[in-house]
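Here's the structure, in structure tokens; my notes come after.
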Amino acid sequence: MSTTTTNQSSPVITRFAPSPTGHLHIGGARTALFCWAFAKGAQAGEDGRFLLRIEDTDQARSSESATRGILEDLAWLGIDWDDGPELVAEDGRTLGGDARGVGPFFQAQRIDVYDQYIEQLLKIGRAYPAFETTEELDAKRAAARAQKQTYRYDRAALEIPEAERTARMKSEPHVIRFKMPDAAVHVCDDVLGDVRFDVGEVDDFIIRKRDGFPTYHFAVVVDDELMGVTHILRGQEHLNNTPRHVAMQEALDFRTPVYAHMPLIFNMDGSKMSKRDKDKSLRLVCKEKGFEQAPNGAVDDSVFASWLKDKKQQLETSAVVEIAREVGIDLPEVDVEDFRRGGYLPEVLCNFLSLLGWSPGDDIEKFDNEFLKERFDLPRIGKTNAKFDRVKLLAFNNDALGAMSDAEFARRWREWCARYEPGVLEKLSDEQFSILAAAVRPRTKTLREAARSAEFALMSAEQIEFDEKSVEKALLNGDGAGLNVLGELRVTLAALPTFTADTVHTALTDFAASRELGMGKVAQPLRVALTGSTISPPIGETLAILGKDETLARIDRCLSKISASC
RNA sequence: GACCCCAUCGUCUAGCCGGGUCCAGGACGCCACCCUUUCAAGGUGGAGACACGGGUUCAAAUCCCGUUGGGGUCACCA
């Protein structure tokens, strides 16, 4: 039975607390989105706040660039935070800040705060130092495992007389452990209901590491209290951590926030969506192609060789991207940035993510963040894990692009190109770009795909490679009927006084009618001549984008090349 | 292995709390046909699920128990 303990008198404060070890993961994005929607939406009233905190207590893995990346990813998704690190968004607004004076928001800068509470727990006997080394603990774990026992810390440090413990603390490296209570811990979860963890299920865990940094468990509890967090929405993988947190809240006389654990998101094959997925799919292709060195020398030969053999190894992100481009595959998207690069719209990503583990009901499934804010609530969060269906996401993106005006599409596409394919903008005039944008918009699923279908316009005539099957089908078939048509078309087109999509189109339909030919017999040979394949935007636009001179040049080149070869 | 969570079409889900209106609704995908100058898009139609077994009840997708299946957690990571 779910127990909602929302205190109506105090404003809702939620938080998203990523550790800065890379770009924002897609699962994290959903968590952030839901936290944001809950705090900023109708459920929370006027004064709800969404807070962003950076959990950088793992010094080895955290980085400043990752922090920045995460902030930018959030801003791109349209998720803005009230409290937290500041970021000047692309629209000039400053996100974050410390209006309530509850910062700093980087845990590494809050060590003294944590120490204060550690001190308090030590004083009341709810925490104690322990001196075992990592190796000793590993050995104990292994031993337990060998006997098919579940390992739990044996409280060996508590056997040491208190006076001695205190003395050793001053001179010896040690960790601080939290003493779990001798009673079952109840976790009230708004999604899952009440969950009971019996005594002995949770052992005395470490709250301060040998290096003096708090562990996640401790820092999160202290910060959530001090920052006034009222509702914690997070992934179900944290459910088993919650009794630790609740126990510490009781020991420290903190308030217990409302918990809502959300279902997890997986790949279609049931595996976890992991950053390693990218390395995995790339490794597969490299093996298939029999590479022994990184194509284009993206990484050292030795690094590449060992990466190829070891499933657990990951290459630098930039190297992965470069090699993928070189071998011509699309990497599976797992980070928000991947989807951005992949040409997905942020509003589509948010919409799709919202449907994983939550639903507004009423058969509604296309909506924006405003709607989400308005309607998001805890009771409608699901309990069952979801698989991330990229095909459906793609369909959503396609629909969104299809519903856009040409002008809006051109604007968005321009922005995307500027970031990921600047060459497109360099090689096309504004006018060409607009024509192209309008031509590809209805037939493209992503902005990246749009860039791909623009390739024919970017390359020079010499770079066109004629696709064998297309040539056979459209040009050579029927004693070279296509080639003959092409030859006649060249004359017709050369004679056109104006060369727009409309005039070209009219000329072509007239031509087809006069020869009693279907439009396919006219357009397809042209497509092959101009692009190398039978696939292109509508034929009128295709010619207009190239312009008359280029069109004629490509026809000439095609005629001479293909005629010569047969 | 121990503990915890979950269980509706291939996938995301609605329905479940307050049993009847559900021979289970929507979406993506799939199949067929139509349209068509390519690729798309669009139109029409179709196949497709309450994991299983027991209860409770006049009545169960909805409540209870068990089984099976899936997932999570068991770090000086977060």
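Each chain gets a letter, A, B and so on, in the order its sequence line appears, and its residues count up from 1.
With sequence neighbours excluded, the residues satisfying side chain to side chain donor-acceptor pair (under 3.5 Å) with A/R527 are A/Q524, A/S536. For A/E468, the side chain to side chain contact (heavy atoms under 4.5 Å, CB included) test picks out no residue, with sequence neighbours left out. By the ring-ring contact (aromatic ring centres under 6.0 Å, His included) test, A/F456 is found to be paired with no residue, residues two or more places apart in sequence or in another chain being considered. A/Y216 is linked by a side chain to side chain donor-acceptor pair (under 3.5 Å) to A/R234, A/H238, counting only residues two or more places apart in sequence or in another chain. Residues meeting the ring-ring contact (aromatic ring centres under 6.0 Å, His included) test with A/Y344, sequence neighbours left out: A/F339.
A salt bridge is defined here as a Lys NZ or Arg NE, NH1 or NH2 lying under 4.0 Å from an Asp or Glu carboxylate O, and A/D198 with A/R196 meets this definition.
Listed by residue number, the members of residues 202-211 of chain A with any heavy atom below 4.0 angstrom from RNA chain B are A/I206, A/K209, A/R210.
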### Query
Nucleotide by nucleotide, 5' to 3', does protein get under 4.0 Å of the base (B), only the sugar-phosphate (S), or neither (-) in nucleotides 37-42 of chain B, counting heavy atoms?
BBBBS-
### Task
Using a 4.0 Å heavy-atom cut-off, write out nucleotides 45-53 of chain B from 5' to 3' as B (base contacted by protein), S (sugar-phosphate only) or - (no contact).
---------
### Message
Generate the contact string for nucleotides 6-12 of chain B. Rules: B means base contact, S means sugar-phosphate contact only, - means no protein heavy atom under 4.0 Å.
### Response
SS---SB
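Proximity of the aromatic rings of A/F376 and A/F34 is defined here by a centroid distance below 6.0 angstrom, and this criterion is met.
The nearest whole Å value for the distance from the CG atom in A/D223 to the P atom in B/A78 is 13 Å. For A/K366 and B/U13, the NZ to C1' distance is 15 Å, given to the nearest whole Å.
Counting only residues at least two apart or on different chains, the salt bridge (Lys or Arg N to Asp or Glu O under 4.0 Å) pairs with a member in residues 385-404 of chain A are A/E333-A/R390, A/E365-A/K392, A/K366-A/D399. Screening residues 445-457 of chain A for salt bridge (Lys or Arg N to Asp or Glu O under 4.0 Å), with sequence neighbours left out, gives A/D330-A/R452, A/E421-A/R448.
Within 4.0 Å (heavy atoms only), A/S470 reaches no atom of the nucleic acid at all. Here A/H217 lies in heavy-atom contact (under 4.0 Å) with a base. Residue contacts shown for A/E132 include a base, since a base heavy atom lies under 4.0 Å away.
Of the possible donor and acceptor atoms, one in the side chain of A/T14 sits under 3.5 Å from a partner among the backbone N and O of A/C35.
Distances were taken from every side-chain heavy atom of A/L137 (C-beta onward) to each of B/C76, B/G25, B/A14; the shortest belongs to B/C76. Of the listed nucleotides (B/G71, B/A78, B/A14), B/G71 has the atom at the smallest distance from the side chain of A/F266.
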Between N or O atoms, less than 3.5 Å apart, protein on one side and nucleotides 31-36 of chain B on the other: list the pairs.
none

